[in-house]
Amino acid sequence: MLKTALGLKKAELDTPCLLIDKNILHSNLEIMRKHSIKNKVNVRPHCKTHKCSKLAQLQIEYGAIGVSVAKISEAEVLIQNGLPNVLITSPIVTDNKISRLISCLEQAPSTLIVVDNKENIVALNEAGARHKKMIHVLVDVDPGIGRTGVKPEYALNFALEMKQFPWLNLMGIQCYAGNLQHISSFDERKIKSLQTMQMASDLVKCFRENGLNCPILTGSGTGTYDIDVEATEVTEIQPGSYTVMDVQYTSIGSQSNEEQFNAFKPAMTLLTTVISNNRAEHVTVDAGTKSIYVDQCKPQIISHQGLKYDWGGFGDEHGKVTAVNGAQLPGYGEVLELIVPHCDPTINLFDQFFITENDIVVDVWDIDLRGKCQ
């Protein structure tokens with residue numbers, strides 16, 4: 001879907017659908033490129049956000065040294081599309097996934113993975129030896145979430161153990177504090193994130209003092225992209241949402257505005273159509289929980305003043321739009337445009353992005369990493 005959409009006005013598209021404003025997207029990418037140059041930090045953006053190899057390639061063109069993914073299935077698509085230097089940010093466990101990793105290394109020897117478990121590094125080393133493939137690894141350090149990663153106090157000994165595994169090439173440390181990215185207060189976010197990334201920086205120094213190879217310290221996200229570069233040993237950052245943005249991110253404080261994260265603009269929006277207006281108090285639109293990921297914050301309608309969207313218990317296929325402060329409800333068949341609450345899981349519900357310029361569709365990009373959760 002659907003090259004026939006080219007040349008259409010965005011309001012003529014079938015809904016629900018996702019749009020990306022080409023000019024805003026390129027502006028966001030350019031801002032991150034300039035940030036990278038100014039702060040002498042590499043950008044390895046996370047593709048779990050946009051799930052689109054074309055957008056990933058565009059990020060490379062804007063100076064990214066590679067890309068990050070969460071799962072081996074995402075890496076496979078990007079590698080097949082010729083994207084270099086993929087980092088898989090979650091551990092690769094089970095014989096099947098390790099076998100798939102070896103296949104990735106056949107095509108892209110620079111592929112990086114993370115490790116946090118002794119049994120896992122034994123299995124990876126055995127696979128590397130069996131197939132004569134060096135596996136490049138980062139020690140995943142737990143920033144305090146308890147999700148994945150070695151506790152900081154055990155990281156050095158864990159890394160030293162890797163010396164006995166000749167098919168594992170230690171490349172450094174990953175420390176990603178996802179739990180800090182949406183702290184509303186910029187000052188609080190800065191204090192907590194710098195504590196975390198300086199802890200990881202101190203580990204890098206400790207690794208090097210003990211003769212361990214450690215050229216990479218990677219982590220960070222959109223919410224701390226301009227904070228973590230102040231930690232002494234950070235070499236690269238992994239922002240994802242900065243490309244398209246969402247309500248979650250735009251509503252937190254930033255360095256220049258305590259009320260709004262305004263460094264990057266919302267490039268992605270969702271269109272939905274009024275399909276029923278039989279009630280005086282609300283109208284029903286065709287985007288429900290199958291189109292907009294349910295989160296704590298609500299979608300923000302930007303095409304009309306005084307309207308609010310809520311899932312409203314309307315189910316998988318439908319949403320509820322009400323008017324506030326005397327605003328007029330939209331009419332039957334009217335198209336609304338909104339910013340989604342959380343971009344990553346919402347994008348994973350769709351097959352394509354419609355790329356627009358001056359409100360005209362100029363391209364259609366497949367969301368070809370969609371559903372790649374294995």
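Everything numeric in this text was worked out from a predicted model, so none of it was measured.
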Salt bridge (Lys or Arg N to Asp or Glu O under 4.0 Å): which pairs involve residues 140-157, sequence neighbours left out?
none

With a 4.5 Å heavy-atom cut-off, do N96 and R100 have their side chains touching?
yes

What do the steps show when you test V67 against L78 for side-chain contact (heavy atoms from CB on, under 4.5 Å), and what is the final call?
CA-CA 9 Å; V67 292; L78 294 176; 3.8 Å; yes

Do N210 side-chain atoms and C206 backbone N/O form a donor-acceptor pair below 3.5 Å?
yes

N157 and E161: side chain donor to acceptor below 3.5 Å:
no

My understanding is that only residues two or more places apart in sequence, or in another chain, count here; which of them pass ring pair (Phe, Tyr, Trp, His ring centres under 6.0 Å) with H182?
Y249

Can you see which heavy atom on V247 is nearest to which on I339, and at what distance?
CG2-O, 3.5 Å

Donor + acceptor pair across side chains of D295, Q248 (<3.5 Å)
yes

Give a yes-or-no answer on whether the side chains of E334 and H304 include a donor-acceptor pair shorter than 3.5 Å.
yes

Who pairs with F186 by ring pair (Phe, Tyr, Trp, His ring centres under 6.0 Å), at least two apart in sequence or on another chain?
none

Under 3.5 Å, which donor-acceptor pairs do the side chains of residues 216-224 form with other protein atoms, sequence neighbours left out?
from: T218; atom 1: OG1; to: E236; atom 2: OE2; distance (Å): 2.9
from: T218; atom 1: OG1; to: Q238; atom 2: NE2; distance (Å): 2.9
from: S220; atom 1: OG; to: T224; atom 2: O; distance (Å): 3.2
from: S220; atom 1: OG; to: T224; atom 2: OG1; distance (Å): 3.1
from: S220; atom 1: OG; to: D228; atom 2: OD2; distance (Å): 2.8
from: T222; atom 1: OG1; to: G240; atom 2: N; distance (Å): 3.4
from: T222; atom 1: OG1; to: S241; atom 2: N; distance (Å): 3.2
from: T222; atom 1: OG1; to: Y242; atom 2: N; distance (Å): 3.0
from: T224; atom 1: OG1; to: Q181; atom 2: OE1; distance (Å): 3.3
from: T224; atom 1: OG1; to: Q181; atom 2: NE2; distance (Å): 3.2
from: T224; atom 1: OG1; to: G221; atom 2: N; distance (Å): 3.4
from: T224; atom 1: OG1; to: D228; atom 2: OD2; distance (Å): 2.7

Summary of ring pair (Phe, Tyr, Trp, His ring centres under 6.0 Å) pairs that have at least one residue in residues 69-119, sequence neighbours excluded
none

I'd like to know if the side chain of H46 pairs up with that of T89 as donor and acceptor (distance under 3.5 Å, no hydrogens or angles considered).
yes

My understanding is that only residues two or more places apart in sequence, or in another chain, count here; which of them pass ring pair (Phe, Tyr, Trp, His ring centres under 6.0 Å) with Y62?
H26

Once rounded to the nearest 0.5 Å, what's the spacing between atom OG1 of T15 and atom CG of L270?
8.5 Å

Find the distance between CD1 (I367) and CG (L18) and round it off to the nearest 0.5 Å.
5.5 Å

Among V340, T322, V321, L336, find the residue that satisfies the side chain to side chain contact (heavy atoms under 4.5 Å, CB included) test when tested with Y309.
V321

Are L105 and L168 joined in one hydrophobic group, where the rule is that I, L, V, M, F, W and Y side chains link up if heavy atoms are under 4.5 Å apart?
yes

